[in-house]
Amino acid sequence: MEKGLTNYFENFLEKESLFTNKKALQSNYLPETLAHRDTQIQQIAQILAPVLKQEKPSNLFIYGKTGTGKTVSMKHIIRDLSKISEEKAIPLHMCYVNCKLKKITDTEYRLLAHLARELGKEIPSTGLPTDEVYKIFFSALEQKKHMFVLILDEIDWLIKKTGDEILYNLTRINAELEHSQITLVGISNDLVFTDSLDPRVKSSLSEEEILFPPYNALQIQEILNQRAAIAFQKKKLVPGVVEKCAAFAARDHGDARRALELLRVAGELAERSDMKKVEIKHLDQAEDKIERDRMVEAVATQPKQVQATLYAILNIPQEKNNLIFTGEVYNIYKGLCLKTGLRPLTQRRVSDVIGELDMLGIINAKVISKGRYGRTREISIPLSTEITTELKSLLEDGLAFV
DNA sequence: CGAGATTCATGTGAAGTATACCTTTAGGCTTAA
DNA sequence: AAGCCTAAAGGTATACTTCACATGAATCTCGTA
């Protein structure tokens, strides 16, 4: 037994890896050059360049679907600008914030607290009045005497949850700052998001707008090839893998991030099963695995109550066109609480929870009116039965059944 | 037969509550002069 | 008397509850052709 394990590890070490540098396929990887995003990067650079001369650039709004390179492009620019400002000792602070991070940047208070911490201030997680945090942030900013570029990624989430007041306040702050200026860059993949903004906020946020169009299959192929050259050993990909991978991604709106992830996971799967090369079948397996992992991850990190609600939804007998209604869910949920000793939430709250699950993409919930028979959410589960059963058992463990 | 009125089951907004955490302040204790 | 620590008072954000009203199409009602 012991011996076998040691052997296994020894073999593992000796085995030649398919990868040379797997990082190149990870989503946080920043390549030296970005293919097919020259015009966009150029535009952004032009708009933001004035910061180097200590002039306030226009606020900027960037939009485009997921995986069109918005975030990478922006990070690219952040990197270059920061480098230059450092070399030339230009007082410039670029701050990238992803607003989708639960419990970190998903409310006005938390975002502000995060920003103040970025400037080296200690902010408690709760307890302080929000305008107090504004003041702290404000004075820290003023003290530093520099240009502050605030990049809000997934800004639509923030606004959806907390309203657009934050943006209004942030743009207004400039008028009161004497030694510093703040520039906003909003990134969103919701194309119609700005319509829901207060007109004043809208006009000031999108003084400039840049659209990131989806990549086409050919462009994705090039990107994949570029990255694969760095990530994989030579000739480890069966011909056609990249093409198939690009086709997968182009199928739903040219999402390059997905394509890269697909390739990486396919590589990992090939390696794990001791194959010499990455084959097409690994792509199919990878697609499965990614979907599954994403769901498991999303579900496992939810609070207990959300999990219980989801479990209730998954456990409704799936006969008639799998249409499920809120009342039904709530009843099962209550029974579940009884069994697990969980304190039941009100229907009001569960209604919101269902909305949250919908936002997370774990379920589809649409408000419909059934006429004489009332109004409710029509819930359906867009997952394969395998994933559903996997989630169920995951939840059973998590919820500690009696 | 068709235009309104009715109805149901929940959606949804506003206001209130519990909890966990923060700052301020007043009182008590210690210490140094 | 000055300094320091502690505990109570007073305040906030967040997650949730309570209350009350809003929704919107299937169904019902009733006047009319």
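Chain naming here is simple, since letters A, B, ... match the order of the sequence lines and numbering starts at 1 in each.
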Using a cut-off of under 3.5 Å, enumerate the N/O to N/O pairs linking the protein to nucleotides 22-26 of chain B.
from    : atom 1 : to        : atom 2 : distance (Å)
dC22(B) : O4'    : Thr126(A) : O      : 3.4

Let's see if you can work this out: which of dT12(B), dT10(B), dT17(C) has an atom nearest to the side-chain heavy atoms of Thr346(A)? dT17(C)
Could you work out how much the helix from dC1(B)-dG31(C) to dT31(B)-dA1(C) bends, comparing the axis of its first five pairs with that of its last five, to 10°? 20°
Under 6.0 Å between the ring centres of Phe193(A) and Phe61(A)? yes
Grab the N/O contacts between the protein and nucleotides 21-24 of chain C below 3.5 Å, and write none if there aren't any.
from    : atom 1 : to        : atom 2 : distance (Å)
dT23(C) : O2     : Arg375(A) : NE     : 2.8
dG24(C) : N2     : Gly371(A) : O      : 3.0
dG24(C) : N3     : Ser369(A) : OG     : 3.3

Measure CD1/Ile379(A) against P/dA9(B) and give the value in whole Å, please. 17 Å
Which residue pairs pass the side chain to side chain donor-acceptor pair (under 3.5 Å) test when at least one of the two sits in residues 282-291 of chain A, sequence neighbours left out? Arg251(A)-Glu287(A), Arg258(A)-Glu287(A), Lys289(A)-Asp293(A)
Can you see whether His146(A) engages Ser85(A) through a side-chain donor-acceptor pair at a distance of less than 3.5 angstrom? no
Among dT12(B), dA13(C), dT17(C), which nucleotide has an atom closest to any side-chain atom of Ser351(A)? dT12(B)
For the side chain of Tyr109(A), starting at C-beta, report the closest nucleotide among dT14(C), dT17(C), dG11(B). dT14(C)
So do the side chains of Phe148(A) and Met94(A) get within less than 4.5 Å of each other, counting heavy atoms only? no
Rounded to whole Å, CG of Leu345(A) lies from P of dT18(C) at a distance of 11 Å
Considering every strand and a 4.0 Å limit on heavy-atom distances, what is the contact class for Pro344(A): base, sugar-phosphate, or nothing? sugar-phosphate
Taking only Lys NZ, Arg NE, NH1 and NH2, and the carboxylate oxygens of Asp or Glu, determine whether Glu390(A) and Arg292(A) approach each other closer than 4.0 Å. yes
Nearest-angstrom distance from the residue atom CD1 of Ile354(A) to P of dG11(B): 7 Å
Is Arg110(A) paired with Asp106(A) through a side-chain N to carboxylate O contact shorter than 4.0 Å? yes
Run the numbers on Thr66(A) and Asn189(A) for side-chain hydrogen bond (donor to acceptor under 3.5 Å, both in side chains), then give the verdict. CA-CA 6 Å; Thr66(A) 42; Asn189(A) 46 35; 5.3 Å; no
More than 12 non-hydrogen atoms from neighbouring residues, nucleotides or ligands closer than 6.0 Å to NZ on Lys65(A), yes or no? no
Separation of dG13(B) C1' from Asp352(A) CG (nearest whole Å): 10 Å
To the nearest angstrom, the CD-C1' distance between Gln305(A) and dT19(B) comes to 15 Å
Going by side chain to side chain donor-acceptor pair (under 3.5 Å), name the pairs with one or both residues in residues 217-233 of chain A, residues two or more places apart or in two chains. His36(A)-Glu222(A)
Length of the CD-C1' vector between Glu356(A) and dG11(B), whole Å: 15 Å
What's the CG-P distance between Asp131(A) and dG11(C), to the nearest Å? 14 Å
Between Glu154(A) and Lys70(A), is a salt bridge (Lys or Arg N to Asp or Glu O under 4.0 Å) present by the stated rule, with each step listed? CA-CA 10 Å; Glu154(A) 318 258 15; Lys70(A) 300 182 297 294; over 6 Å; no
Please tell me if Arg349(A) has a side-chain N or O lying less than 4.0 Å from either OP1 or OP2 of dC16(C). yes
Residues Arg348(A) and Asp352(A) bridged, charged N to O under 4.0 Å: yes
Atom CD1 of Ile368(A) and atom P of dA26(C) are separated, to the nearest Å, by 10 Å
Could you pull out all residues at least two apart from Glu268(A) that satisfy salt bridge (charged side-chain N to carboxylate O under 4.0 Å, His left out)? Lys22(A), Arg264(A)
